[in-house]
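Read the structure below first, then the notes.
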There are 2 protein chains.
Amino acid sequence: MKPKLTLKQIARELDVSVSTVSKALRDSIEISEETRQKVKAFAKLYNYKPNNIALSLKNRKTRTIGIVLPEIVHDFFATVISGVEQVANEKGYNVIICLSNNSFDREVMNMEMLANGSTDGFILSIAKETQQKKDYHHLEEVINQGMPLVLFDRVVDEIKCDKVIIDDTAGAKKAVQHLIDIGCKRIGIITTVDYISVGKLRTQGYLEALEANGMSPDEDLILKIEDMQGSEKEIAEFLKTRDLDGIFAVNEQFSTSAIRGLLNKGLKVPDDVSVIGFSDGELAHRFIPSLSTINQHGAEIGARAARLLIERLERSVDAEESYQTQIVETSLIERESTRHK
Amino acid sequence: MKPKLTLKQIARELDVSVSTVSKALRDSIEISEETRQKVKAFAKLYNYKPNNIALSLKNRKTRTIGIVLPEIVHDFFATVISGVEQVANEKGYNVIICLSNNSFDREVMNMEMLANGSTDGFILSIAKETQQKKDYHHLEEVINQGMPLVLFDRVVDEIKCDKVIIDDTAGAKKAVQHLIDIGCKRIGIITTVDYISVGKLRTQGYLEALEANGMSPDEDLILKIEDMQGSEKEIAEFLKTRDLDGIFAVNEQFSTSAIRGLLNKGLKVPDDVSVIGFSDGELAHRFIPSLSTINQHGAEIGARAARLLIERLERSVDAEESYQTQIVETSLIERESTRHK
DNA sequence: TACAGGCCCGAAAACGTTTTCGTGTTGAAA
DNA sequence: TTTCAACACGAAAACGTTTTCGGGCCTGTA
């Protein structure tokens with residue numbers, strides 16, 4: 001068990017000073033060619049790698065970005081991580097992940113933990129409970145400390161920072177418009193309660209699409225779900241008493257629950273009812289019938305968030321406080337759960 | 001933008017020395033009650049939090065555990081992360097995640113990066129390419145450096161370290177036995193090529209189950225898939241020409257592809273053919289028909305791995321080199337894709 | 001011979017902690 | 001009055017780097 005080579009040991013071994021070793025390894029012209037080669041050869045032979053912690057302390061940079069998520073067992077967030085990881089790695093950054101489990105307290109805890117030197121900046125999607133509480137002091141805190149923050153997906157206007165979002169309203173509108181285009185007349189929506197920002201926006205898109213086509217919304221066809229837990233049953237109940245020919249569901253789970261509910265009712269998808277969802281994942285394309293969806297391009301979101309963050313970290317003068325909000329385009333993916341024209 | 005309070009600043013402000021501040025905050029008896037109170041009050045008021053990097057450097061401990069995975073957009077690995085994160089958080093550890101994308105080079109790179117001070121130990125599931133190459137020098141390296149390593153899922157005998165696995169063979173046997181119990185006579189298996197350790201073990205379980213029931217294995221009913229990419233087509237082709245009444249698939253993806261293939265062939269699941277898989281995820285229980293599976297208990301695996309790692313990190317004398325391999329029990333979950341007796 | 005100017009290199013500070021050791025002051029005991 | 005312990009605090013080293021600054025030694029020139 002050899003406990004990691006340090007500059008000091010190399011120096012002792014080669015009978016030079018620590019500074020000489022450091023300079024030699026960084027190819028300083030202060031050091032003679034001969035000494036340089038000697039040091040480098042030794043370092044290479046014994047596989048010297050500088051200690052990240054020491055570097056972080058010295059440079060007051062960790063080259064690590066922290067990402068805080070509500071959950072991970074959810075293809076959307078997983079693909080976002082992939083995207084972040086990809087560009088972070090390209091630029092020589094590490095990624096450190098914390099889960100809030102949609103709890104306000106854990107979100108705060110995690111951010112405090114990471115803010116004490118572990119991380120140069122944050123990429124975050126706000127926890128459900130936090131959105132409900134509308135308490136964002138921990139976000140302002142890190143910004144005040146000069147740590148860049150990039151919000152994605154579940155964002156909030158009050159916080160001034162870079163953001164990466166999709167146009168949820170437009171995406172939802174696109175989905176519902178598709179249902180209308182293929183001839184649906186009575187279109188229901190299965191969405192979340194309004195304090196979830198994305199849920200609210202998607203509901204709005206649904207309403208806009210109806211309006212744009214001269215169809216008046218029917219409160220009775222709108223189901224807002226509070227709790228993921230009992231959602232399956234709730235959706236089944238809802239469908240039992242409604243007569244629909246199109247359903248827009250704001251996520252993968254609701255989509256599949258809806259299809260199951262319809263099938264149980266003896267209806268066929270998409271022959272009797274077309275279903276379209278919002279999603280990114282395996283589930284959508286594996287499902288039978290495979291789900292027509294609005295693709296959120298999670299990896300792209302993650303990649304952009306990472307790029308924004310790193311750019312701000314490395315910009316020599318960050319005087320310019322012009323935060324930007326990037327909007328990633330959604331796309332309609334037609335699969336089997338909607339009728340074809 | 002206030003740039004984070006340090007001990008030095010508190011010291012200057014209160015006109016005492018840095019050591020006094022440090023001691024006061026840690027309630028040292030060396031410091032008078034009065035000074036202690038004064039310092040603590042000040043620290044609290046301005047929300048002082050010690051700098052993790054400095055602590056890491058001093059203590060030569062980061063209280064961070066690194067987890068390296070082949071992929072993340074896969075419910076199994078995502079749940080494992082959840083498990084790790086949970087216990088890590090309880091014990092005051094951070095989790096830093098790197099993705100190998102099943103590439104040997106990226107696995108090596110990531111581990112080298114993390115090994116240079118970012119992490120106290122590793123939790124890892126070996127990349128496909130690495131298992132193929134059988135090159136584990138990077139794993140031995142970190143072990144030699146005194147960094148504990150815990151392997152899970154895709155493990156390898158050659159490396160001496162703690163491991164958390166499920167009994168893949170027994171799990172597979174359980175699955176196939178179930179198919180036999182409900183009356184299947186011609187049972188096929190859809191598995192991976194043999195260099196994937198878990199694939200090989202599950203194939204073995206399949207064979208053992210057949211043997212135990214006096215059924216002779218038929219090579220023609222065994223499909224070994226090399227590449228995830230074209231798997232769907234490959235499975236469809238395979239099924240087209242086989243006459244089966246039971247299928248055991250070694251993962252979620254293969255299970256759903258199989259069902260799709262069967263449906264396309266005009267067969268009913270589970271009426272004509274029962275299908276059972278190996279999995280953890282959303283897909284299995286959302287799918288229609290929902291999948292009967294062998295549950296791998298990913299969160300439990302992650303939790304145990306984390307506990308093993310932390311225990312080894314904190315054991316005062318790690319003299320004892322008795323590595324253990326923990327086996328997490330699998331369980332059979334009967335859902336809709338298999339016939340009921 | 002003296003001096004300027006390269007060329008190489010080392011000492012030391014700094015990043016923010018913790019901890020060991022030393023030191024000055026006070027009060028009480030001898 | 002002297003001595004000694006207890007008490008309260010500070011200086012400094014250490015963790016592993018990088019970087020600034022200063023200095024010794026040679027070489028060439030006046």
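Quick note on labels: first sequence line is chain A, next is B, and so on, each numbered from 1. Source: prediction; values computed, not measured.
- Considering only heavy atoms from C-beta on, B:Y93 stays 4.5 Å or farther from B:V87 through its side chain.
- Below 30°, between 30° and 60°, or above 60°: for B:F152 and B:F76 the angle between ring planes is between 30° and 60°, a tilted geometry.
- Here the rule is side-chain hydrogen bond (donor to acceptor under 3.5 Å, both in side chains) with B:D162, and of B:R307, B:Q326, B:R312, B:Q324 only B:R312 fits it.
- Counting any heavy atom pair closer than 4.0 Å across all strands shown, B:T35 reaches sugar-phosphate atoms only and no base atom.
- In this structure, the helix from C:dT1-D:dA30 to C:dA30-D:dT1 shows an angle of 90° between the axis at its start and the axis at its end, each fitted on 5 base pairs and rounded to 10°.
- Protein chain B contacts DNA chain C over a range whose 5' and 3' limits, counting nucleotides with an atom under 4.0 angstrom from a non-hydrogen atom, are C:dC15 to C:dC21.
- As judged by a 4.0 angstrom heavy-atom cut-off over every strand, B:S22 is placed among the base-contacting residues.
- Relative orientation of the A:Y46 and A:F42 rings is tilted, given thresholds of 30° and 60° on the angle between their planes.
- In this structure, the separation between NZ on A:K4 and CG on A:N47 is 6.5 Å, given to the nearest 0.5 Å.
- With DNA chain D read from its 5' end, the first of the two nearest nucleotides for B:I29 and A:N59 is the one closest to B:I29.
- Contacts with DNA chain D (heavy atom under 4.0 Å) in residues 7-19 of chain A: A:L7, A:K8, A:V18, A:S19, listed by number.
- B:R304 and B:E300 are joined by a salt bridge, as a carboxylate oxygen and a charged side-chain nitrogen come within less than 4.0 angstrom of each other.
- The distance between atom CD of A:E30 and atom P of D:dC21, rounded to the nearest whole Å, is 11 Å.
- Using bins of under 30°, 30° to 60° and over 60° for the plane-to-plane angle, the ring pair B:H138/B:F104 lands in the perpendicular bin.
- Of all the heavy atoms in A:D153 and A:S197, the pair that sits closest is O-OG, 4.5 Å.
- Between B:M111 atom CE and B:C98 atom SG the span is 10.0 Å, to the nearest 0.5 Å.
- Each of A:L57 and B:V21 was assigned the nucleotide of DNA chain D with the nearest heavy atom; the assignment lying further toward the 5' end belongs to B:V21.
- Rounded to whole Å, the distance from CD1 on B:I31 to P on D:dC7 is 13 Å.
- Side-chain contact between A:E112 and A:V108: present, with at least one pair of heavy atoms (C-beta onward) separated by less than 4.5 Å.
- A:T130 pairs with exactly one of A:E107, A:R154, A:R106 by the side-chain hydrogen bond (donor to acceptor under 3.5 Å, both in side chains) rule, that one being A:E107.
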